[in-house]
Amino acid sequence: QKEVEQNSGPLSVPEGAIASLNCTYSDRGSQSFFWYRQYSGKSPELIMFIYSNGDKEDGRFTAQLNKASQYVSLLIRDSQPSDSATYLCAVGNTGGFKTIFGAGTRLFVKA
Amino acid sequence: GAGVSQSPSNKVTEKGKDVELRCDPISGHTALYWYRQSLGQGLEFLIYFQGNSAPDKSGLPSDRFSAERTGGSVSTLTIQRTQQEDSAVYLCASSSRLAVMDTQYFGPGTRLTVL
């Protein structure tokens, strides 16, 4: 079992729709959770982090964390073609000294 | 301030040659990571440095790979006797351990091509 799992996609949504990206992790003691966005040919950049159960909103982005079920998700409202990228879920392991990345989900937003 | 820098941006080498990739982290960041990303793939963790602690080398794929970090700042990833399967983008990231959140800031990467 991989430590951090994501559906590789591609996930295709129409412009203006809500894109839902999911991630599960295996280390129950994980404390910090991140979503990075990576455009083709570019380096990953941080979108959001979350460490408490529940929702965290930042503009069009909402991160959701459920530690009991060991999953974290990212919702993108009013999706735009510019949101088309690979979204990487990352989890800080117990003790917080190393972050493990998932393989990423490719998102396509159709104009 | 300046971000993470990496050099060279591109490196083409012949099979069997050694290569050195350099990473300059953000000033003051104590944690430094190396990752490898093959075309269309996710990030493959290679090695992690944290301050003066012994590095976590658990991700290095073979003994041809090594890395060091001098003075707690600049890091060099060395690949000896390169193979074609080593071709990938090598990404470096740094983070500050002063905060709980280990937000990593990535450099632009070095694209390695082994002919």
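What you see is a predicted model; the values in this text were computed from it and never measured. First the proteins, then the strands, lettered A, B, ... as listed; each starts at 1.
Tyr105(B) does not touch chain A: none of its heavy atoms, backbone or side chain, sits under 4.5 Å away.
Shown here is Glu14(B), whose CD atom has no more than 12 heavy atoms of other residues, nucleotides or ligands within 6.0 Å.
Criterion: ILVMFWY side-chain heavy atoms under 4.5 Å apart, direct or through other members. Under it, Ile79(B) and Leu60(B) are part of a common hydrophobic cluster. In the hydrophobic clustering of ILVMFWY residues, with side-chain heavy atoms under 4.5 Å counting as a link, Leu21(B) and Leu46(B) come out together. Phe49(B) and Leu91(B) are not part of a single hydrophobic cluster, where members link through side-chain heavy atoms under 4.5 Å apart. Placement of Val91(A) and Tyr87(A) within a single hydrophobic cluster is found when ILVMFWY residues are connected by side-chain heavy-atom separations under 4.5 Å, directly or transitively. Tracing side-chain contacts under 4.5 Å through hydrophobic residues (I, L, V, M, F, W, Y), one never reaches Phe108(A) starting from Ile47(A); they form parts of separate clusters.
If you take CZ on Phe101(A) and CD on Gln37(B), they are separated by 10.0 Å, rounding to the nearest 0.5 Å.
Residue-level contacts of residues 106-115 of chain B with chain A, in order of numbering, are Phe106(B), Gly107(B), Pro108(B), Gly109(B); threshold 4.5 Å between heavy atoms. Residue-level contacts of residues 35-43 of chain A with chain B, in order of numbering, are Tyr36(A), Gln38(A), Ser43(A); threshold 4.5 Å between heavy atoms.
Proximity of Phe34(A) to Thr103(B): side-chain heavy atoms (C-beta onward) are separated by under 4.5 Å at one or more points.
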